[in-house]
2 protein chains.
Amino acid sequence: MAKLPTGAPTLADVAERAGVSRQTVSNAVNNPDLLRPDTLARVQDAIEDLGYVPNRAARNLRTRASHLVGLRMNPAQEFTANAAMDRFTHSLVETSREAGYHVLLFSGEPQDPVAGYDDLLRSTAVDAFVVTDTYLGNPQAAWLRERRATFVAFGRPWDDPGATHPWVDVDGAAGTEIATRHLIERGHDRIAWIGWRKDSWIGEDRRAGWSRTLKAHGLSTTGMASRVEDTVHSGREASAVLLDEARPSAFVCASDTLAMGVLHTLAERGLHPGRDIAVVGFDDSQVAQVVQPGLTSVRQPLELVAVEVVKALEGLLGAPPVTNEGVMLTPTLAVRGSS
Amino acid sequence: MAKLPTGAPTLADVAERAGVSRQTVSNAVNNPDLLRPDTLARVQDAIEDLGYVPNRAARNLRTRASHLVGLRMNPAQEFTANAAMDRFTHSLVETSREAGYHVLLFSGEPQDPVAGYDDLLRSTAVDAFVVTDTYLGNPQAAWLRERRATFVAFGRPWDDPGATHPWVDVDGAAGTEIATRHLIERGHDRIAWIGWRKDSWIGEDRRAGWSRTLKAHGLSTTGMASRVEDTVHSGREASAVLLDEARPSAFVCASDTLAMGVLHTLAERGLHPGRDIAVVGFDDSQVAQVVQPGLTSVRQPLELVAVEVVKALEGLLGAPPVTNEGVMLTPTLAVRGSS
DNA sequence: TTGAAAGCGCTAACAC
DNA sequence: GTGTTAGCGCTTTCAA
């Protein structure tokens, strides 16, 4: 009582108070079933009284684990993609907590896909990484693998389908397929596509869902597709051209950003989304939710992605390590006024 | 060459290779100017050769510092506020890195403002916190202060103006004042306000900027204000009522969400934002940027907030600790088609 | 079931 | 300027 805690109480303080050795306190915390019930109770009381919490640094040093998962924030990606990543980050933090992990955020030169990883890895600051920027292929994956780093990718290994690291991804083609079928069921048979440039794997994937669904229904894709930059302006121009040349009654877009461009074109022409022309976006961003009359949009199940990522992480970090290779999740469609 | 590193190289490995003591290597890393140039060069070569990076856990244990800053993610706040927080988080990560800190994300029961802080604090997992949810008053601040925790608040101590902890905030009233003046300069003299319920300090602050500016210009605020929930629907209803009863030619809103509601009402009535009725939002969200014809909006300088927060953090964590009490930043106005 | 000894990798304090 | 000693708080042997 006399001794005011100089800093936080340590294992030794608890041991003294409970009249046991330090080791016994350690066991009480980490392997409680090793203790006799009455000893355990006594130690737990002492822990309670002193407000003892194990020092992380000491524990980390000893166990060579930090219970931290590194996540790199990409300074600025595509517009809606960024918002989606933030949503994923929220989910990841939540899910990680339940698994006893915290998320360490870091950043690095956007140019260098590997910046920031190295230091954290070598200084053993994190136990594992969650890699999210595989949209540009995944040099990080190969790089991390080479260094025997533990990681899970959100995003499949586009450029190397034979890669053996664990990943979780959302099936973009399935998403646009759902969107396209939704439109076909609504009676549309001239459904246009506005997507990204051909060098985007994700973009080509999403496009494939649209085209294969049209073909499966015996509908033509000829002249119905456009590949542009991911900006509102591009979506607007592309939709104007398509409306003039192909006369579609509906648009499926690779992003909400492009879909907003379509809505602009419709507004200019006095056409009403949902009534005259249907529009579907991708990512279910805030924009989709608040714009008039609501933008139907493909929604990635990012909460589930986080759950699967953490599950994979736990497998990798467990003893013995368990690797489950790839998990593909299916998106849903948030139907709103625009379709 | 023969000895493949069993795990990472340590200080001792470098010392041996460079033919110096461990302490000298430590100095080479942390106080290079203590060494003779040639010794330093030799040690640095060895570090380079071995790819040595100091082990964080060991360093943390010894120095009682983690170089980690804790940031709690609020599961779900008001709609646009969440996006703003994400933007702040990005800036904070970036700025922290430059100061040698990483950001540790955690979460906690939304109900309990103090959840999650305690464990990180006592386990010395973080050196400091950045507290962002002061919009509900700041029980955390008092709580953290009591526990002698180091922290900086983003958000002033609304419920306790005498609080002495460091904080950084954006002057919401100044923001709406800029917005209102902008409208007055554009020739508007009937400017309505749509804001939040009276129990929101932030909301009242933003409202004050509007009302004081009108008064300063001899314009009336009577019947021109509405206090509602922060939803698109509420903004829409409130603006409809105001249009009918007060005939404003412009709206200033406490959020982009409310402003979107106004845009919906205008669309319903065939009125054109910017041409017939001006609208200004708050937070410069993505929505403001992509909606037709662009929503003029007050933009918080979150990058600067992050810089000031980190500056304050560095002060607090320095030796000796330096406390600079409060920093107030002024927002800017992103002018777009709606005004 | 509990305790004693050793050491994770680093740096603060001091001696040389 | 450089080396030696000690110890941060914890957990992993292993012995009692």
Side-chain angles (χ1 to χ4, degrees), chain A residues 5-44 46-47 50-67 100 119-125 127 319, chain B residues 5-44 46-47 50-67 100 119-125 127 319:
Chain A
T6 312
T10 75
L11 213 55
D13 298 329
V14 179
E16 190 184 353
R17 186 181 183 100
V20 297
S21 75
R22 288 171 9 196
Q23 181 48 32
T24 300
V25 179
S26 176
N27 283 336
V29 174
N30 301 307
N31 304 84
D33 23 299
L34 286 185
L35 302 205
R36 224 183 327 163
D38 60 316
T39 318
L40 179 58
R42 201 146 38 89
V43 175
Q44 284 176 334
I47 288 177
L50 262 34
Y52 168 74
V53 176
N55 179 302
R56 289 241 184 196
R59 177 177 273 181
N60 292 351
L61 175 58
R62 192 63 244 236
T63 61
R64 302 171 168 291
S66 64
H67 285 260
D119 182 58
L120 290 171
L121 184 57
R122 302 170 95 139
S123 65
T124 65
D127 292 347
Chain B
T6 312
T10 74
L11 212 56
D13 298 329
V14 179
E16 190 184 353
R17 187 181 184 101
V20 296
S21 76
R22 287 169 12 194
Q23 182 52 32
T24 301
V25 179
S26 175
N27 283 336
V29 174
N30 301 307
N31 304 84
D33 23 299
L34 288 184
L35 304 204
R36 224 183 325 158
D38 60 315
T39 317
L40 179 59
R42 201 147 38 90
V43 174
Q44 284 176 333
I47 288 177
L50 262 33
Y52 167 74
V53 176
N55 179 301
R56 289 240 185 197
R59 177 179 273 181
N60 292 352
L61 176 58
R62 191 63 244 232
T63 62
R64 303 168 167 291
S66 64
H67 285 260
D119 182 59
L120 290 171
L121 184 57
R122 302 171 96 138
S123 64
T124 64
D127 292 348

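Computation of the quantities below employed the complete heavy-atom set of this structure, encompassing side-chain atoms and omitting hydrogens, waters and symmetry-equivalent molecules. In what follows, every chain begins at residue 1, and chains take the letters A, B, ... in the order their sequences are listed. All values derive from a computational prediction rather than experimental measurement.
- In this structure B:Glu16 satisfies the side-chain hydrogen bond (donor to acceptor under 3.5 Å, both in side chains) test with no other residue, sequence neighbours excluded.
- When each of B:Leu61 and A:Arg62 is assigned the nucleotide of DNA chain D with its nearest heavy atom, B:Leu61 is the one assigned upstream, toward the 5' end.
- Heavy-atom contacts of chain B under 4.0 Å fall on DNA chain D between two terminal nucleotides, which in 5' to 3' order are D:dG1 to D:dG9.
- Applying the side-chain hydrogen bond (donor to acceptor under 3.5 Å, both in side chains) criterion to A:Asn55, with sequence neighbours excluded, gives B:Thr124.
- A search for salt bridge (charged side-chain N to carboxylate O under 4.0 Å, His left out) contacts involving A:Arg59 returns nothing, not counting sequence neighbours.
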Report task. Test side-chain contact (heavy atoms from CB on, under 4.5 Å) on B:Leu121 and A:Val53 and set out the steps. Result -> CA-CA 9 Å; B:Leu121 184 57; A:Val53 176; over 6 Å; no

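- Qualifying salt bridge (charged side-chain N to carboxylate O under 4.0 Å, His left out) partners for B:Arg22, counting only residues two or more places apart in sequence or in other chains: none.
- Closest approach of A:Ala18 and A:Arg42 over heavy atoms only: O-NH1, 2.6 Å.
- Of the charged side-chain nitrogens involved, none lies within less than 4.0 Å of a carboxylate oxygen, so that B:Arg64 and B:Asp127 do not count as a salt-bridged pair.
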Please list every donor-acceptor pair under 3.5 Å in which a side-chain atom of residues 31-38 of chain A meets a protein atom from a residue at least two apart or in another chain.
none

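- A heavy-atom distance below 4.0 Å to DNA chain C is reached by these residues of residues 18-26 of chain A, ordered by number: A:Val20, A:Ser21, A:Arg22, A:Gln23, A:Thr24.
- Looking at residues two or more places apart in sequence or on another chain, you find no side-chain hydrogen bond (donor to acceptor under 3.5 Å, both in side chains) involving B:Thr63.
- Scanning all heavy atoms of the two residues, the minimum distance from B:Gly51 to B:Pro9 falls at O-CG, 4.0 Å.
- Taken from CG in A:Asn30 to CG in A:Asn27, the straight-line distance is 7.5 Å, to the nearest 0.5 Å.
- Comparing the axis of the opening five pairs of the helix from C:dT1-D:dA16 to C:dC16-D:dG1 with that of the closing five pairs yields an angle of 30°, rounded to 10°.
- With A:Arg56 as reference, B:Asp119 is the one residue of B:Asp119, B:Leu61, B:Asn60 to meet the side-chain contact (heavy atoms from CB on, under 4.5 Å) rule.
- Shown here are the side-chain hydrogen bond (donor to acceptor under 3.5 Å, both in side chains) partners of B:Arg122, two or more places apart in sequence or in another chain: B:Asp118.
- Nucleotides of DNA chain C with any atom under 4.0 Å from a heavy atom of chain A span, from 5' to 3', C:dT1 to C:dG9.
- Within residues 28-42 of chain B, the residues having any heavy atom closer than 4.0 Å to DNA chain D are, in order of number, B:Leu34, B:Leu35, B:Arg36, B:Thr39.
- Looking at heavy atoms from C-beta onward, A:Leu11 lies out of side-chain contact with A:Pro54 at the 4.5 angstrom threshold.
- The backbone N or O of B:Thr10 sits less than 3.5 Å from a side-chain atom of B:Asp13, completing a donor-acceptor pair.
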